Amino acid sequence: MLQLNYENYETILVKKFENKTVEIILNRPQKLNSMTDLFFTEIGHAFEQFNNDTQINAILLWAEGKLFTAGLDLQEASSTSSNDDSLPPALQNLQLYKHIKKWQSNITAISNCKKPVVAAIHSHCIGGGVDLITACDFRFCSADATFSIKETKLGIVADLGTLQRITRVVGPGMARELAFTAESISSQRALSCGLVNQVFGDKETLLKHSRAIVNAIAQNSPLVVQGTKIVLNYADEHSVSDGLEQVALWNSAFLRSDDLNEAFMSFFEKRNPKFKNTL
């Protein structure tokens, strides 16, 4: 079995900081950050690791190179999806199903991560890149960014999470336009439809702002921030009444914490709080 450590990933780079943030960086610039099977394995492993790391409170996702990602590595994917004639069709189909489910779980590790995840996108974000960023909590981009659900032009129904997540982000009409046409949209149109929260002039400014936001999140109570993400994720999938019941139960269990006392004490003592509770 492949043994992974974030210090020796091949397709992504991980940087941990003393402010309890971590940056996960797509790092195949010579291949336009195209997404291979190893990439999916490493990205899933990274988010599972930092989900359980009490020294990490918030995560920033960005990419090295001239674009964010060209999407799926089509050369590798074509060999993966080719038929093994030594197997009966049913087993060939089962193998493909298991492969898709593995990649889905690798991307879902991002949305399942208790820690808030912010994506900073520059230049082109194509196909599988949209699967990646829609699994994040929110997104910023540079002015040169473009976004496209390219699978329709490639004869594939997008199957790694975009179609399941993007409607909640941009609304049904925009989601269907993007998915049906496979056309690219600009950073300004992405801003107007809610795909990104803010647009910055260049990549340097984008990363500076994104790091400041991630740092601000990391300074809040991790117990409360992570609980808030869990409550928001639950609300996305349930009715308002179910969500209210869940948050009432949540606060009944977690409200009385050291962090609550610290928040009150720091307010009255006019100092920055020092939170220590986490999930």
Side-chain angles (χ1 to χ4, degrees), residues 4-28 33 35 39-65 68-69 103-122 125 128-142 145 160-162 165 168-169 195-198 200 203-204 206-233 236 275-279:
L4 293 176
N5 184 301
Y6 73 82
E7 294 179 348
N8 58 22
Y9 289 148
E10 295 181 24
T11 67
I12 58 177
L13 179 65
V14 170
K15 295 181 179 180
K16 295 177 72 173
F17 297 93
E18 291 182 358
N19 63 356
K20 294 196 171 184
T21 68
V22 64
E23 297 183 6
I24 298 177
I25 306 159
L26 279 62
N27 195 36
R28 292 180 77 222
N33 294 319
M35 303 161 80
F39 166 80
F40 287 108
T41 298
E42 290 184 343
I43 202 81
H45 181 267
F47 278 96
E48 288 170 1
Q49 291 291 109
F50 294 122
N51 183 47
N52 298 312
D53 187 339
T54 57
Q55 296 306 305
I56 296 300
N57 292 350
I59 301 171
L60 176 62
L61 178 70
W62 60 280
E64 289 284 8
F68 185 78
T69 177
W103 286 2
Q104 287 177 346
S105 69
N106 297 145
I107 296 293
T108 298
I110 302 172
S111 59
N112 284 350
C113 182
K114 297 190 296 284
K115 319 301 169 64
V117 183
V118 179
I121 303 109
H122 74 287
C125 178
V130 180
D131 294 304
L132 197 66
I133 66 168
T134 52
C136 299
D137 291 291
F138 56 92
R139 295 147 292 278
F140 300 116
C141 75
S142 56
L160 301 184
T162 290
R165 295 185 175 101
R168 297 193 195 106
V169 178
L195 182 57
V196 299
N197 288 8
Q198 201 167 349
F200 298 92
K203 183 179 179 181
E204 181 180 358
L206 164 69
L207 289 176
K208 180 179 179 179
H209 176 85
S210 300
R211 286 171 175 142
I213 292 293
V214 169
N215 179 63
I217 293 169
Q219 303 318 304
N220 291 329
S221 163
L223 176 68
V224 173
V225 171
Q226 292 164 35
T228 298
K229 178 168 179 176
I230 290 169
V231 167
L232 285 168
N233 284 352
D236 283 344
F275 297 118
K276 58 185 179 182
N277 290 152
T278 188
L279 288 178

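Everything numeric here is computed off the predicted structure, so don't read it as measured data. In what follows, every heavy atom counts, from backbone to side chain, and hydrogens, waters and symmetry copies are set aside.
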Exercise. Are any of the side-chain heavy atoms of Ile110 and Leu132 separated by less than 4.5 Å?
Worked result: yes

For this session: Side-chain contact test, heavy atoms from C-beta onward, threshold under 4.5 Å: evaluate it for Glu42 versus Asn27 and give yes or no.
Result: no

Problem set entry | Shortest non-hydrogen separation from Asn57 to Ala218 and the atoms involved | ND2-O, 3.0 Å

Exercise. Does some side-chain heavy atom of Ser210 sit less than 4.5 Å from a side-chain heavy atom of Ile213?
Worked result: no

Exercise. Roughly how far, to the nearest 0.5 Å, is the NZ atom of Lys16 from the CD1 atom of Ile59?
Worked result: 10.5 Å

For this session: Would you please say whether a donor-acceptor pair under 3.5 Å links the side chains of Glu48 and Asn52?
Result: no

Exercise. Looking only at heavy atoms, what is the nearest atom pair of Ile121 and Leu206, with distance?
Worked result: O-CD2, 3.4 Å

Problem set entry | Exercise: identify the closest heavy-atom pair between Glu64 and His122 | O-CE1, 4.4 Å

Problem set entry | CD on Glu23 to CG on Leu207, rounded to 0.5 Å | 7.0 Å

For this session: Report yes or no: does Asn197 contribute a side-chain atom to a donor-acceptor pair with the main-chain N or O of Phe140 at less than 3.5 Å?
Result: no

Exercise. Any side-chain heavy atom of Ile56 sitting closer than 4.5 Å to one from Lys20?
Worked result: no

Exercise. Within a strict 4.5 Å, meaning less than it, do heavy atoms of the Thr108 and Arg165 side chains meet?
Worked result: yes

For this session: For Ala63 and Phe68, work out which heavy atoms get closest and say how close.
Result: CB-O, 3.4 Å

Exercise. More than 12 foreign heavy atoms under 6.0 Å from CD of Gln198: is that the case here?
Worked result: yes

For this session: Measure the CZ-CD distance between Phe40 and Gln104 for me, rounded to the nearest 0.5 Å.
Result: 10.5 Å

For this session: Please report the shortest heavy-atom distance between Arg139 and Val169, naming the atom on each side.
Result: NH2-CG1, 3.4 Å

Exercise. Is a side-chain donor or acceptor of Lys229 paired with a backbone partner of Lys115 at a separation under 3.5 angstrom?
Worked result: yes

Seminar exercise, completed: Rounding to 0.5 Å, atoms CD1 (Ile24) and CD1 (Ile43) come to a distance of 5.5 Å

Exercise. Between Thr21 (side chain) and Phe17 (backbone), is there a donor-acceptor pair under 3.5 Å?
Worked result: no

For this session: Evaluate the side-chain proximity of Pro116 to Val225: yes if any heavy-atom separation is below 4.5 Å, no if none is.
Result: yes

Problem set entry | Backbone N/O of Ile25 and side chain of Lys15: donor-acceptor pair under 3.5 Å | no

Seminar exercise, completed: Taken to the nearest 0.5 Å, the spacing of Asn19 CG from Asn215 CG works out to 4.5 Å

Problem set entry | Test: Asp236 and Arg168 ion pair at under 4.0 Å | no

For this session: Test Phe39 against Leu26 for side chain to side chain contact (heavy atoms under 4.5 Å, CB included), laying out the working first.
Result: CA-CA 9 Å; Phe39 166 80; Leu26 279 62; 3.9 Å; yes

Exercise. Say you draw a straight line from NZ of Lys114 to CG of Asp53; how long is it, rounded to the nearest 0.5 Å?
Worked result: 10.0 Å

Exercise. How close do Asn106 and Thr41 get, heavy atom to heavy atom, and via which atoms?
Worked result: OD1-N, 3.8 Å

Problem set entry | Exam field: side chain Asp137 to backbone Val118, donor-acceptor pair closer than 3.5 Å | no

Exercise. Do Met35 and Thr11 touch side chain to side chain, with heavy atoms closer than 4.5 Å?
Worked result: no

Exercise. Parallel, tilted or perpendicular: which fits the ring planes of His209 and Phe200, with parallel below 30° and perpendicular above 60°?
Worked result: tilted

